[in-house]
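As a basis for the values below, the full set of heavy atoms in this structure was taken, side chains included, without hydrogen atoms, waters or symmetry mates. Being a predicted model, the structure only gives us computed values, none of them experimental.
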Amino acid sequence: MELASKYDPRAVEEKWYNFWLEKKLFHSEPDNRVPYTIVIPPPNVTGVLHMGHMLNNTIQDVLVRRARMMGRNACWVPGTDHASIATEAKVVKSLAEKGIKKHDLSREQFLEHAWEWTHKHGGIILQQLRTLGASCDWDRTAFTMDETRSESVTKVFVDLYNKGLIYRGLRMINWDPKALTALSTEEVVYKEERSKLYYLKYYLADGENVDVEPLATDDREGNIVHKDEKGYYAVVATTRPETIMGDTAMCVNPKDPKNQWLRGHHVIVPLVGRKVRVIEDRYVDIEFGTGCLKVTPAHDVNDYNLGKTHNLETIDIFNADGTISEQSPLYVGMDRFACRKQIAKDLDAAGLMEKVEDYTNKVGYSERNPDTAIEPRLSLQWFVKMQHFADIALPPVMNGEIKFYPEKYKNTYRQWLENIQDWCISRQLWWGHRIPAYYYPSQNPDDTENFVVAETAEKALELARQKTGNTNLQASDLKQEECALDTWFSSWLWPISLFDGINNPGNKEIEYYYPTVDLITAPDIIFFWVARMIMAGEEYLHKVPFRNVYFTGVVRDKLGRKMSKSLGNSPDPIELMAQYGADGVRMGMLLTAPAGNDILFDEKICEQGRNFSNKLWNALRLITGWQVDKGDDSNNQATKQPSNEMAVEWMEQRMAQVLEGIEKDFEQYRLSEALMASYKLAWDDFCSWYLEMVKPAYGTPIDRETYDATISIFNRLMLILHPFMPFVTEEIWHALQTIGKDDEQAAFINANYSIMNQHLPTSVFYDQRTLDDCDTAREMIAGVRNIRNTRGLSPKEQLELFVVCGEGKMPNNRFDGIVCKLGNVSIIQYVDSKVEGAISFMVGTTECFVPLKQNIDVEAERKKLEDDLRYAEGFLASVMKKLGNEKFVNGAPEKVVAVERQKKADAEQKIAALKSQLENLK
RNA sequence: GGAAGUUUAGCUCAGCCGGUUCAGAGCACUUGCCUUACAAGCAAGGGGUCACUGGUUCGAAUCCAGUAACUUCCACCA
C-alpha cells in the first residue's frame with residue numbers, strides 16, 4: 001500500500017462520518033452501563049455555524065467521545081431552538097421583501113410562512129456540525145417547538161399558573177419598538193452613548209409668584225431662583241426632551257436648598273403648555289443637574305413609581321412602534337428620535353432651552369435587535385414569580401452539587417439570584433408557544449382577570465363556565481391569548497423535555513439520562529438559560545439538571561475584538577475545515593481555549609492542527625514501510641537490539657506517566673492542557689524519540705517484537721487522541737488494525753469496527769527511574785548533537801563519547817545503545833577521570849567528553865566553560881547563603897534543608913569539574 | 001455606584017494549598033540541515049526584574065495590603 005506523503009483530510013473525514021452514521025455509533029439507548037449525557041445548547045434553528053459554536057461543540061464532542069471510550073453509555077442530544085424574536089424578525093423581513101406586511105396576514109397565515117422558512121433554512125447548522133465530527137445522537141434531534149417540547153411548555157405554564165407562580169399584570173416593561181414586543185430585563189443590554197443633556201425652562205404657572213429674589217450667582221447656599229423677562233422658571237435637565245409631552249409633574253427633593261422656592265407651586269411644561277404640580281420626593285438626586293426632575297410616568301420606571309406614590313396622571317405619548325401617539329398634543333406620528341431633534345430646535349426657537357451639554361449615558365438596547373433602543377412601557381404582560389425559583393436554584397450551586405468551571409461564575413450566579421426580578425415571559429409575537437390562557441367576554445371593560453388557563457380549549461371552556469357560572473359559554477366565546485412565550489420558557493425545560501420528563505414523568509429515559517453530566521455553554525447565557533434550567537430541574541424533578549457547567553470564553557479575533565459580521569473578522573468555519581480539516585480546526589480551537597478565558601482566535605493555529613494530523617500520518621507511513629523479520633527466514637532475520645527493548649520500555653513508562661496527567665487534566669476540565677500533553681506525547685516522545693530509537697537502518701528489517709510493540713503503542717496513541725481528532729485517528733487506527741491482514745479480513749475489520757468504541761487506555765504504575773535514566777540519555781544525545789551543530793560537524797561523522805564515572809560507581813548504561821544510535825556515537829567509554837584534548841559537556845553532575853580529530857577552538861571553549869563556571873559559582877553562593885542562615889537551617893523542614901545540602905554538593909562537584917576542564921585547556 | 005477576574009518570554013497561556021537548578025509550555029524567532037516517514041519536516045539554540053509598591057517569612061511568581069492598567073457582570077441619576 002502506497003501512502004501519499006501528505007495527509008488529505010477531506011475524503012477521510014467524509015468517509016468516516018458516513019460510516020459512523022451508517023453504523024449508528026452515536027445512538028444511545030438506556031442499558032445497564034453508566035450513562036453520560038450532554039444536551040446541546042440548542043442553536044437557532046435558522047442560524048449558521050459560527051466560531052462560538054465550533055468551540056462549544058468541539059468541547060462537547062471531546063467529552064462525549066472520551067466518555068464513550070471509557071465505557072459509558074454516551075448520549076449527546078442535539079436540537080435547535082425556535083428563537084422566537086430572531087426568527088420572527090427574519091420571517092418578517094423576508095415577507096417584506098416580497099411586499100407582504102406581517103399584519104396583513106392572519107396568525108395562521110403568518111405561521112405557515114414561518115414554518116416554511118424554518119423548514120427551508122432550519123437544520124443547516126446541524127448539518128454543519130456533522131462536518132465538525134460531532135457525535136450527536138441524531139435520532140434524538142429535537143426542536144423547541146416540536147410536539148413533545150410544545151406540550152411540555154404548555155403543561156408547565158398551566159402548572160405554574162395553578163401554583164400561583166405565573167401571573168398577569170400591568171407593569172413597566174422593556175419594549176422593543178421594532179420587534180413590537182415586550183422583553184425581559186435580561187434581554188436588555190446597555191450601551192454607553194454620547195448624547196446631550198438638555199436644560200429646559202419650566203416657567204411658574206400664571207398667577208403664581210415667589211417672594212424670593214434671584215441670586216446673582218449659583219455658588220451660595222439657599223434658593224437658586226431663575227427669572228427672566230417672562231417670569232420665574234425652573235430648569236430641568238433631561239436627555240429625552242421628546243418625552244415632555246408625557247410630563248405630569250415636576251419633582252424636587254424636599255431637602256434641596258436650591259429648590260425650596262418651588263415647593264407647592266405649579267409649572268408649565270414647555271411647548272406643551274400643560275400646568276403640572278411640583279411634587280417632592282427624596283428619590284431626586286440633589287446633585288444631579290439642577291435638582292429638578294421632570295416626571296413622565298408612562299416612559300420611565302422611576303417616574304412610574306413616582307407617579308404611583310404621588311397619584312399622577314399617566315400619559316402614554318408613544319405608539320408601540322416608537323412614534324408619537326395621539327395622546328400627545330404635538331408631533332403626532334413622528335418617530336421618537338426625529339422628534340427629539342425637532343423638539344430641541346423648537347424649544348430653542350421658543351426660548352425655552354437654557355443650554356445643551358454633551359453628556360454620556362447608557363441606553364438600553366434589545367439583545368436580539370441590537371439597533372433598537374428599548375422603550376420602557378406600561379403594559380399588561382405575563383410574569384413568572386421568581387423568588388421561589390431563586391430559593392430553589394441557589395443552594396445546589398453554592399453547595400457544590402453543581403460545579404462551575406471556572407468557579408468565579410458562582411459569584412455572578414449568586415448575585416443575580418439574590419436580586420432576582422420577576423420574569424416577563426409574554427412576547428407580542430406569533431412565532432413561539434402561544435400562551436394557553438383563554439379570555440371570556442366580560443361586562444366590565446377594566447376587568448383584566450377575565451381569563452382561564454388550561455392545556456386545551458376544551459378544558460378552558462369547562463373552567464370558564466365554572467369561573468363565570470355561565471353554563472351557556474361556548475367554545476367560540478373564548479379567545480386564546482395572542483401572545484407567545486419567551487423562547488427561554490421552552491429552553492429552560494430542555495434537559496427534561498428532551499427525555500419527555502414533563503409529559504411523561506418517571507419514564508425510562510428521563511430516569512436513565514437525567515441528570516445530565518456536563519453542560520458546555522457561554523457565560524452570557526448564565527441567567528437566560530443555565531440558572532433557569534436549574535430552576536426547572538429543581539421544580540419538576542427535584543434534581544439538578546447537570547453536574548458540571550463548563551463556561552467557554554468568547555471567541556475573539558487575534559486583536560481581541562469580538563467576531564462580528566460588520567467587522568468581517570469571523571472566519572467561515574466550513575471554509576476553515578475545508579482548508580485545514582475538521583481535526584485541524586478542532587485542535588486549533590482547543591489549543592487556545594482554556595475554560596472561561598476569552599479566546600483570541602488566529603486562523604494560523606489551525607495549521608498546527610493540520611500539521612499534527614500530517615505528522616501522525618507520516619508516522620503511519622514510516623511504520624507501514626518497515627519490513628518485519630519473519631522469524632523463519634534466516635536471510636531476513638533481524639536480531640533484536642537491546643536498545644529496542646529499552647526504547648519500548650521507556651515509551652511504555654512515558655505513556656503511563658503522560659496518561660496520568662491527562663486524566664487529571666480532564667478531571668479539572670483543562671482540555672487544552674490535556675490536548676497539549678497528548679500532542680507532545682505523540683509528536684515529541686513517540687515520533688521524535690521513540691521512532692528514531694527503533695527505526696531500522698535503511699533496507700534492514702525490524703524485529704517482530706519491537707514491531708508489534710510499536711504498533712500497539714501507536715494504536716493506543718490513536719485512542720488517546722481520538723476524542724480530540726476523531727477522523728485522522730480513525731483512519732490510522734484502521735490502517736493499523738489491518739496491517740498484515742488479507743483483503744477479506746481487512747474489509748471485515750473496516751466494515752465492523754471503529755476506534756470510537758474502543759477502550760481508552762488508562763494510566764498504570766510507571767517506573768520513574770527508567771524515565772529519569774532515559775532523560776539523562778536524551779541529554780547526552782543532545783550534548784553530542786550540540787557539539788556537532790556548533791562545530792559544523794556532519795551528523796554522519798561518528799564520534800566517541802567518554803563519560804566520567806566516579807571510582808567504584810556503576811555506570812548507568814541502560815540507554816547506551818540508544819545514545820549511540822541517536823547521537824551517532826561509535827562507542828561509549830566509562831572512565832575515571834577527564835580526557836585530554838576533548839570537548840566536554842555536563843549532564844547533571846556527570847562529565848562527558850567528546851574527542852575531536854580537528855583542532856579545538858580553545859578560546860571559545862574557555863569562554864563557554866568560564867560562563868558555566870560563573871553560573872555555578874553564583875548558584876553555589878546563593879545556596880551557601882541559605883545554608884549559612886541559622887534560621888533557615890533550624891526553621892525549614894528537614895527535607896528542604898537536605899535538598900539544599902545536595903545542591904551544595906552538586907554545585908561543588910560541578911565547579912571542580914569545570915575548573916579542571918579549564919585547566920585542561922591550558 | 002457595587003462586585004468579580006486578569007496582569008509571567010514577541011504572542012497565547014500554565015505554574016499560584018510558599019521550598020525540586022523554578023522561572024515553564026506551545027507558537028513565533030535565530031542557526032544549521034532537502035539525513036529515503038514527514039520542509040505541513042529534522043536538529044540545536046536565544047529570549048522574561050513573574051504589572052508596580054510595601055508587608056509577612058529563614059525563604060515569595062505563589063500569602064497579605066495598597067496602586068495602576070485591562071476585562072467582565074450587576075445597578076441605571078433624569
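- B:A43 is paired with B:U31 under the criterion used here, namely a Watson-Crick or G-U wobble arrangement in which both key atom distances are under 3.5 Å.
- As judged by a 4.0 angstrom heavy-atom cut-off over every strand, A:Phe601 is placed among residues making no nucleic acid contact.
- Side-chain rings of A:Phe714 and A:Phe686 approach one another, their centers coming within less than 6.0 Å.
- Base pairing of B:A78 is not made with any nucleotide, judged by Watson-Crick or G-U wobble geometry with both donor-acceptor distances under 3.5 Å.
- Counting non-hydrogen atoms under 4.0 angstrom, A:Thr296 reaches nothing in the nucleic acid.
- Under the 6.0 Å cut-off for aromatic ring centres, A:Tyr405 and A:Tyr550 do not qualify, their centroids lying 6.0 Å or more apart.
- For the pair A:Lys355 and A:Glu357, the salt-bridge criterion is met [side-chain N within less than 4.0 Å of a carboxylate O].
- Using a 4.0 Å cut-off between charged side-chain N and carboxylate O, A:Arg778 and A:Asp775 make a salt bridge.
- The residue A:Tyr359 sits close only to the backbone: its heavy atoms come under 4.0 Å of sugar-phosphate atoms, none of a base.
- Annotation: cation-pi geometry satisfied between A:Lys191 and A:Tyr365 (NZ/CZ under 6.0 angstrom from ring centroid, within 45° of ring axis).
- With both pairing distances under 3.5 Å, B:A65 is matched to B:U53 as a Watson-Crick or G-U wobble pair.
- Computed from coordinates, the A:Leu197 CG to B:A78 P distance equals 8 Å when rounded to whole Å.
- Nucleotide B:A60 forms a pair with no other nucleotide shown, judged by Watson-Crick or G-U wobble geometry with both contacts under 3.5 Å.
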Could you write out each protein N or O paired with an N or O of nucleotides 15-20 of chain B at a distance under 3.5 Å?
{"residue": "B:G15", "atom": "OP1", "partner": "A:Arg670", "partner atom": "NH1", "Å": "3.1"}

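- Nucleic acid contact class of A:Trp626 (heavy atoms, under 4.0 Å, all strands): none.
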Please tabulate the protein-to-nucleotide N/O contacts below 3.5 Å involving nucleotides 44-47 of chain B, giving atom names and distances.
{"residue": "B:A44", "atom": "O4'", "partner": "A:Asn789", "partner atom": "ND2", "Å": "2.9"}
{"residue": "B:A44", "atom": "O2'", "partner": "A:Asn786", "partner atom": "OD1", "Å": "3.0"}

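- Taking 3.5 Å as the limit, the base of B:A43 and the side chain of A:Glu692 contain no donor-acceptor pair of atoms between them.
- Using a 4.0 Å heavy-atom criterion, one finds that A:Lys558 contacts no nucleic acid atom at all.
- Counting any heavy atom pair closer than 4.0 Å across all strands shown, A:Lys895 reaches no nucleic acid atom.
- Rounded to whole Å, the separation between the P atoms of B:A61 and B:A3 comes to 30 Å.
- As judged by a 4.0 angstrom heavy-atom cut-off over every strand, A:Cys687 is placed among the base-contacting residues.
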>> Assess the residue pair A:Trp617 and A:Glu731 against the criterion (side chain to side chain contact (heavy atoms under 4.5 Å, CB included)); give the C-alpha distance rounded to whole Å, side-chain angles, the decisive distance to 0.1 Å, and a yes or no.
In response: CA-CA 9 Å; A:Trp617 178 251; A:Glu731 176 75 6; 4.0 Å; yes

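- In this structure a side-chain-to-backbone donor-acceptor pair under 3.5 Å is present from A:Asp583 to A:Phe727.
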